[in-house]
Amino acid sequence: MINLLPLMIERVGIILIAVFLLSQFKPFRRIIHNEQGLKEKGFLILVFGAFAVISNYTGIEIHQSLVGKSNWLYNLQPDSAIANTRIMGIAIGSLLGGPLVGLGIGLIAGIHRLLLGGFTAEACAVSAILAGVAAGYLGKKNKGDSSIQPWYAAAAGCLMEIVQMAIIILVTRPIERAWDLVQMIGIPMVAINGFGTLLFMLIIQSILREEERTKALQTNKAFDIADKTLPYFRQGLNPVSCKEVAKIMLELTDADAIAITDSHSVLAHAGAGSDHHVPTKGFSTELTKKVLMQGTILTAKSREEILCYHSDCPLRAAVVLPLKVHDKTAGTLKLYFKNPNSLGKVEHELAEGLAKLFSAQLELAEAERQSKLLKNAEIKALQSQVHPHFLFNAINTISVLCRTDAEKARKLLLELSQFFRSNLQGARQMFIPLDKELEHVKAYLSLEQARFPDKYHVAFDIEPGLEKCLLPPFTLQPLVENAIRYGFLHSNAPGEVQITACAQENRLHIDVTDNGQGISPAKLEALGKKEVHSEQGSGTALVNIRERLEGMYNYDASFEIRSLEGTGTSVKLNIPLEILQKGGNERYAESPHHG
């Protein structure tokens with residue numbers, strides 16, 4: 001018995017070395033994490049079935065109650081038996097894979113043991129199959145709440161070996177020889193197989209802890225980068241903010257270069273290759289274009305795959321990730337490496353996590369921008385309520401009419417009240433029905449036309465049934481005001497303003513057209529896209545309308561200005577058609593004060 005222990009420990013060492021090497025392969029690590037489909041179960045059966053077969057071949061031959069030869073065993077004498085670590089492989093594989101895997105491993109191990117011969121062949125074959133199924137059920141029961149603990153696995157290994165000793169005594173004849181064999185090999189085999197199972201599960205536990213530590217470090221690094229880049233991403237994708245983000249990422253990651261783009265150009269590049277990967281219109285690599293078009297992560301492991309056409313480019317590997325805002329690719333994040341081997345799984349996962357965090361930050365920045373735009377519109381509306389010039393003109397007109405036409409003065413006072421009420425309602429809502437927006441327009445027109453009775457005429461052509469279509473507040477009134485204030489500024493002829501609304505292909509089309517003096521091509525190019533400072537105005541209202549439409553409808557709305565000097569101007573809106581349902585809408589609800 002004592003002579004048997006060192007030889008058994010040697011066999012355990014061989015199996016554990018093989019297991020350690022096996023643990024470095026991804027399929028095996030997935031199985032450890034309980035990611036088991038039919039393919040993984042088949043893998044377990046083959047691997048641990050092979051371990052059991054190796055254990056049979058490398059076992060220690062026991063001949064007439066004496067330790068015999070311990071070299072590679074191909075067959076046994078009829079009066080011989082084997083002391084081996086077969087049960088350890090069966091128990092471990094079954095605990096990991098469950099009853100079906102245990103049955104498969106047990107069959108492979110049992111049939112092979114039967115073919116080797118010896119007076120315990122039948123008993124060992126039966127015990128191998130039973131041990132596989134039993135250990136599989138024990139593993140399935142234990143893995144319901146958590147991973148298998150080492151002590152549990154060691155106890156299962158000992159139990160399976162004890163069962164094997166019992167079956168040898170029950171099945172093998174003559175019973176005297178079976179009893180002598182069990183007395184000799186029982187304690188060493190129970191102890192060694194249990195100890196081997198314990199060591200194996202400690203290796204598994206070490207793998208799990210290592211991956212958990214790696215993930216924790218990776219997560220901490222990602223959140224550290226996200227925390228430091230948040231103030232810049234709140235500014236949106238622009239060259240200044242992206243330059244700072246690239247510098248931070250270059251410092252906190254193992255990448256040799258960092259680049260950030262929007263959908264049209266490179267905004268920032270920091271690190272290696274800065275001499276030719278420069279912020280510019282267009283892109284230095286075709287890989288970026290592919291990511292923008294496909295919206296998926298792409299990896300390159302050579303300069304040819306990166307598709308950089310600069311002959312001296314030192315970059316040899318890259319991972320390019322899409323930055324998405326509301327499920328649309330708004331730009332890319334690129335991590336470059338000089339050595340392709342530096343771009344491993346950890347770096348790839350870190351980059352993927354950062355891209356998701358950055359996308360979330362960009363969405364928050366967009367939401368903040370829209371909130372500011374709406375607030376700006378609200379402020380403008382509130383300002384117009386008490387605009388001294390507007391109030392003075394309206395009240396002055398009404399005071400004159402009080403002497404000449406009291407009824408008209410009364411109507412104008414009601415229109416002035418309606419105008420203020422519409423401003424207040426619009427300032428509190430994200431969307432309002434078209435008829436409410438038109439009421440706002442008509443109230444404004446009534447006050448202006450009272451001052452200039454014959455200067456212009458406004459016509460409405462609204463398709464029936466569109467009254468409850470939803471649109472952002474303060475969309476039409478500024479367009480009409482612009483047409484009146486600037487379109488007919490130097491004209492003595494009567495002006496015409498046409499407001500048209502119709503539905504086509506589930507979209508709402510609105511057109512505000514005037515026959516005024518038009519806009520010069522130089523101003524038209526920038527109008528609605530940025531502020532245009534002039535004596536007549538800055539165009540802030542048009543910029544606000546366009547940006548609110550783009551943000552609220554996720555770029556699924558269009559805002560177009562067409563103009564020809566001396567002929568007139570047309571502003572066209574195209575937005576998704578959404579009708580206010582009876583009983584209200586989650587984005588608009590009529591208050592008791594609505595008129």
Side-chain angles (χ1 to χ4, degrees), residues 214 217-230 232-233 236-324 329-362:
T214 301
L217 290 172
Q218 187 174 313
T219 301
N220 287 337
K221 182 183 284 188
F223 280 120
D224 186 30
I225 294 172
D227 181 59
K228 290 181 178 179
T229 57
L230 178 58
Y232 300 105
F233 272 118
L237 287 176
N238 61 72
V240 176
S241 64
C242 290
K243 182 179 179 180
E244 296 301 322
V245 170
K247 287 180 180 178
I248 292 170
M249 287 194 63
L250 188 64
E251 180 183 348
L252 297 179
T253 66
D254 296 326
D256 294 305
I258 301 290
I260 302 172
T261 79
D262 59 13
S263 58
H264 306 294
S265 60
V266 178
L267 297 175
H269 183 100
S274 297
D275 56 329
H276 60 281
H277 289 270
V278 295
T280 179
K281 290 185 177 179
F283 302 106
S284 302
T285 67
E286 293 294 322
L287 193 63
T288 305
K289 296 179 182 178
K290 289 184 179 180
V291 173
L292 286 169
M293 287 189 294
Q294 299 173 11
T296 56
I297 301 170
L298 293 180
T299 304
K301 289 293 185 77
S302 68
R303 198 176 78 178
E304 290 72 24
E305 289 183 71
I306 293 176
L307 298 172
C308 178
Y309 300 115
H310 197 277
S311 58
D312 296 326
C313 184
L315 305 175
R316 295 293 183 271
V319 55
V320 185
L321 307 105
L323 297 176
K324 297 191 175 184
T329 305
T332 64
L333 169 67
K334 301 188 285 185
L335 280 71
Y336 289 107
F337 300 86
K338 293 180 180 179
N339 185 352
N341 294 328
S342 299
L343 177 53
K345 180 183 177 183
V346 173
E347 288 73 24
H348 191 283
E349 289 181 351
L350 174 62
E352 189 173 349
L354 287 173
K356 291 178 180 178
L357 286 171
F358 291 168
S359 295
Q361 289 177 351
L362 288 172

Scanning both residues in full, the closest heavy-atom pair of A255 with I258 reads CB-CD1, 3.8 Å
So which atom in G273 and which in P314 form the shortest heavy-atom distance, rounded to 0.1 Å? N-CG, 4.1 Å
Report yes if some heavy atom in the side chain of Y336 is under 4.5 Å from a heavy atom in the side chain of R316; otherwise report no. no
Taking atom types as modelled, find out whether T288 and K334 have a side-chain donor-acceptor pair closer than 3.5 angstrom. yes
Judged by atom type as modelled, is there a donor-acceptor pair below 3.5 Å linking the side chain of T229 to the main-chain atoms of I225? yes
To the nearest 0.5 Å, atom SG of C313 lies from atom CG of D275 at 8.0 Å
Kindly give the heavy-atom pair with the smallest separation between P322 and T329, and that separation in Å. CB-CG2, 3.9 Å
How many angstroms lie between atom CG of N339 and atom NZ of K301, to the nearest 0.5 angstrom? 10.0 Å
Can you measure from OG1 (T296) to CG (L321) and round to the nearest 0.5 angstrom? 10.0 Å
CD1/I260 to OG1/T332 distance, rounded to the nearest 0.5 angstrom? 8.5 Å
Scanning both residues in full, the closest heavy-atom pair of V245 with Y232 reads CG2-CB, 3.7 Å
Look up atom NZ in K228 and atom CD in E251, then write down how far apart they are to the nearest 0.5 Å. 6.0 Å
Tell me, with the steps shown, if V319 and I297 meet side-chain contact (heavy atoms from CB on, under 4.5 Å). CA-CA 7 Å; V319 55; I297 301 170; 3.9 Å; yes
Expected output: side-chain K324 to main-chain G295 donor-acceptor under 3.5 Å: yes
Working note: L267 + L237, criterion side-chain contact (heavy atoms from CB on, under 4.5 Å); need CA distance, chi angles, decisive distance, verdict. CA-CA 8 Å; L267 297 175; L237 287 176; 3.9 Å; yes
Please indicate whether Q294 has more than 12 foreign heavy atoms, meaning atoms of other residues, nucleotides or ligands, lying under 6.0 Å from its CD. yes
L250 to A270 - nearest heavy-atom pair and separation: CD2-C, 3.9 Å
I'd like to know whether F358 forms a side-chain contact (heavy atoms from CB on, under 4.5 Å) with M249, so could you lay out the CA-CA distance, the side-chain angles of the two residues, the decisive distance to 0.1 Å, and finally the verdict. CA-CA 12 Å; F358 291 168; M249 287 194 63; 3.4 Å; yes
Any donor-acceptor pair under 3.5 Å from S359 side chain to A355 backbone: yes
Working to the nearest 0.5 Å, report the span between CG of D262 and CG of L323. 10.0 Å
